[in-house]
S.K.: 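Below you will find the structure I want to go over with you.
The model shown is predicted, which means the values in this text are computed figures rather than measured ones.
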Amino acid sequence: MELTLADGRVLEHLTFGAPEGAPVVLFPGTPATAAGGAVVAEAAAAAGVRLIATSRPGYGRSTTSPPGLVAVARDTVELLDALGVARVGVHGISGGGPYALALAAAAPERVDRVVVSAGPGSHLDLGGLSETEAAAVRLSQAGDHDDAARLLHPEAAEQFGDAASMSLADFRARHFPAGPPPDSWFADRPGPFELFVADMHRAVQRPDGYVRDNLSWCGPWDVDLAAITCPVLLAYGRDDPTVPAAHGEWLAARLPHAELQLHPGGHGDVTFGLAAEAYEYLTR
């Protein structure tokens with residue numbers, strides 16, 4: 001589904017789970033579109049959750065926009081108004097985590113609770129930026145968003161290949177030649193894994209969303225974390241090399257009402273494997 005925002009941009013969104021259930025906004029990972037909500041749809045339905053998933057700017061059919069976390073939060077408030085939803089829980093998966101926190105900061109009157117599942121903290125504080133990413137962040141800070149994006153486009157193309165010209169089968173063979181890792185949540189769940197790969201393939205048909213995400217949370221955040229008044233659950237994997245637990249510790253030190261949980265396993269085990277626990281927390 002598509003919503004035309006007040007400024008004319010398009011926001012793609014999909015609903016999963018229980019149609020009359022408790023509303024929860026889902027910010028999928030990086031890269032992902034609203035269709036990524038299908039991976040956790042079963043957990044949402046079991047918890048009685050109406051899961052409202054969005055495609056951030058540059059993903060799917062959503063219009064690209066300059067980087068920033070709060071701008072996405074404002075788009076989400078506009079969507080909630082259009083859907084007639086007053087208050088929500090919010091779930092941010094991986095790269096969607098900073099946006100979940102941005103919504104809680106920008107619209108505290110609309111958010112009851114937040115779960116961040118292995119979401120990144122500030123790469124400026126925690127490290128992990130390549131020279132190219134650091135240069136792009138500096139350009140973006142100076143307001144030169146277009147040149148910053150152009151600088152990162154080749155890195156995105158190198159990482160994901162020419163996805164726009166690849167079939168889904170070729171994309172899967174290139175990035176997941178042996179299927180899901182044997183130590184991941186997806187290992188014995190071929191159905192959710194196929195949904196995950198198909199959505200990733202769709203998400204990188206153009207680099208805009210992936211590049212915008214990286215510029216939005218790799219540089220300085222436009223969110224005052226100390227102003228978030230609702231409870232926040234931070235869930236991280238002890239063995240996660242993608243978003244190490246140090247990111248959760250960085251967030252916990254800056255959020256007034258945060259609970260940090262460290263779980264066994266890696267990225268997929270926390271982001272998707274603990275979806276049921278996330279939705280139980282959000283509807284408690």
Side-chain angles (χ1 to χ4, degrees), residues 1-3 10-17 26-45 51-65 72 91-97 99 117-120 149 152-216 240-243 265-275:
M1 299 179 65
E2 296 179 13
L3 172 69
V10 169
L11 176 62
E12 180 181 72
H13 61 98
L14 291 170
T15 301
F16 301 91
L26 172 67
F27 291 105
T30 301
T33 76
V39 179
V40 293
E42 185 176 340
L51 197 63
I52 303 165
T54 64
S55 295
R56 292 188 292 279
Y59 288 123
R61 295 193 297 272
S62 291
T63 309
T64 305
S65 67
V72 170
H91 186 198
I93 289 178
S94 192
Y99 297 98
S117 298
L152 288 184
H153 279 189
E155 281 203 353
E158 181 179 352
Q159 182 165 355
F160 294 108
D162 190 6
S165 63
M166 298 174 85
S167 69
L168 175 57
D170 288 343
F171 181 83
R172 185 187 297 108
R174 172 181 172 133
H175 294 281
F176 304 97
D183 59 346
S184 78
W185 179 79
F186 285 118
D188 56 354
R189 294 174 176 86
F193 180 67
E194 291 302 312
L195 292 170
F196 169 75
V197 175
D199 183 61
M200 178 182 284
H201 178 247
R202 180 173 184 253
V204 295
Q205 291 295 302
R206 52 180 173 143
D208 303 44
Y210 176 79
V211 166
R212 186 192 184 282
D213 271 354
N214 279 273
L215 289 174
S216 296
D240 184 355
T242 305
V243 183
H267 202 62
D269 300 302
V270 173
T271 51
F272 300 115
L274 295 179

S.K.: As an exercise, state the distance from CZ of Phe176 to NE2 of His201, rounded to the nearest 0.5 Å.
M.R.: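 Here the interatomic distance stands at 11.5 Å.
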S.K.: Show the atom names and distances, to 0.1 Å, of all donor-acceptor pairs under 3.5 Å that link a side chain in residues 162-169 to residues at least two apart or in another chain.
M.R.:
| residue | atom | partner | partner atom | Å |
| --- | --- | --- | --- | --- |
| Asp162 | OD2 | Ser165 | OG | 2.9 |
| Ser165 | OG | Asp162 | O | 3.1 |
| Ser167 | OG | Asp170 | N | 3.1 |
| Ser167 | OG | Asp170 | OD2 | 3.3 |

S.K.: Rounded to the nearest 0.5 Å, how far apart are CG of Leu152 and CZ of Arg212?
M.R.: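 It is 13.5 Å, given to the nearest 0.5 Å.
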S.K.: Looking only at non-hydrogen atoms, find the nearest pair between Thr64 and Asp208 and report the distance.
M.R.: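 Taking Thr64 first and Asp208 second, the nearest heavy atoms are OG1-OD2, 3.1 Å.
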S.K.: Can you list the residues that meet the side-chain hydrogen bond (donor to acceptor under 3.5 Å, both in side chains) rule with Thr54, with sequence neighbours excluded?
M.R.: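 Partners of Thr54 under the side-chain hydrogen bond (donor to acceptor under 3.5 Å, both in side chains) test: none.
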S.K.: With sequence neighbours excluded, tell me which residues meet side-chain contact (heavy atoms from CB on, under 4.5 Å) with Pro120.
M.R.: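 In terms of side-chain contact (heavy atoms from CB on, under 4.5 Å), with neighbours along the sequence ignored, Pro120 is linked to Pro98, His123, Trp217, His247.
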S.K.: side-chain hydrogen bond (donor to acceptor under 3.5 Å, both in side chains) with His267: which residues, sequence neighbours excluded?
M.R.: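 His267: side-chain hydrogen bond (donor to acceptor under 3.5 Å, both in side chains) contacts with Ser94, Asp240.
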S.K.: So which atom in Ser62 and which in Pro57 form the shortest heavy-atom distance, rounded to 0.1 Å?
M.R.: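 Looks like CB-CA, 4.1 Å.
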S.K.: Just jot down the side-chain contact (heavy atoms from CB on, under 4.5 Å) partners of Leu51, sequence neighbours excluded, or say none.
M.R.: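 side-chain contact (heavy atoms from CB on, under 4.5 Å) check on Leu51 returns Phe16, Val24, Leu26, Val40, Ala44, Val49, Tyr279.
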S.K.: When you measure from the side chain of Asp199 to the backbone of Ala32, do you find a donor-acceptor pair of N or O atoms at a distance under 3.5 Å?
M.R.: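 Judged by distance alone, no pair lies under 3.5 Å.
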S.K.: Considering all heavy atoms of both residues, which atom of Ala43 and which atom of Ala275 are nearest to each other, and what is their separation?
M.R.: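 Residues Ala43 and Ala275, closest heavy atoms: CB-CB, 3.9 Å.
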S.K.: State, to 0.1 Å, how close Ala156 and Tyr210 come at their nearest heavy-atom pair, and which atoms those are.
M.R.: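 Heavy atoms of Ala156 and Tyr210 come nearest at CB-CD2, 3.7 Å.
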S.K.: Could you list the donor-acceptor pairs under 3.5 angstrom formed between side-chain atoms of residues 186-197 and any protein atom two or more places apart in sequence or on another chain?
M.R.:
| residue | atom | partner | partner atom | Å |
| --- | --- | --- | --- | --- |
| Arg189 | NH1 | Trp185 | O | 2.7 |
| Glu194 | OE1 | Arg172 | NE | 3.2 |
| Glu194 | OE1 | Arg172 | NH2 | 2.7 |

S.K.: Under the salt bridge (charged side-chain N to carboxylate O under 4.0 Å, His left out) test, which residues partner Asp213, sequence neighbours left out?
M.R.: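 Salt bridge (charged side-chain N to carboxylate O under 4.0 Å, His left out) list for Asp213, sorted by chain: Arg56.
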S.K.: Write down the atom of Pro31, the atom of Val204, and the distance for their closest heavy-atom approach.
M.R.: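 Looking at all heavy atoms of both residues, the closest pair is CG-CG1, 3.6 Å.
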S.K.: Taking only residues two or more places apart in sequence or in another chain, which ones pass side-chain hydrogen bond (donor to acceptor under 3.5 Å, both in side chains) with Ser184?
M.R.: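 With neighbours one apart ignored, the set is empty.
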S.K.: Considering residues at least two apart in sequence or located in another chain, which fulfil the side-chain hydrogen bond (donor to acceptor under 3.5 Å, both in side chains) criterion with Arg174?
M.R.: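 Partners of Arg174 under the side-chain hydrogen bond (donor to acceptor under 3.5 Å, both in side chains) test: none.
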S.K.: Work out which heavy atom in Ala118 is nearest to a heavy atom in Thr271; give both atom names and the distance.
M.R.: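 That would be CB-CG2, 3.9 Å.
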S.K.: Indicate yes or no for a side-chain donor-acceptor contact from His175 to the backbone of Phe160 under 3.5 Å, with no hydrogens or angles considered.
M.R.: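 Yes: the side chain of His175 pairs with the backbone of Phe160.
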S.K.: Excluding sequence neighbours, so at least two apart, what forms salt bridge (charged side-chain N to carboxylate O under 4.0 Å, His left out) with Glu12?
M.R.: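 For Glu12 the salt bridge (charged side-chain N to carboxylate O under 4.0 Å, His left out) partners, ignoring immediate neighbours, are Arg61, Arg202.
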S.K.: Under the ring-ring contact (aromatic ring centres under 6.0 Å, His included) rule, collect the residues that match up with His153, sequence neighbours excluded.
M.R.: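 His153 satisfies ring-ring contact (aromatic ring centres under 6.0 Å, His included) with no residue once adjacent residues are dropped.
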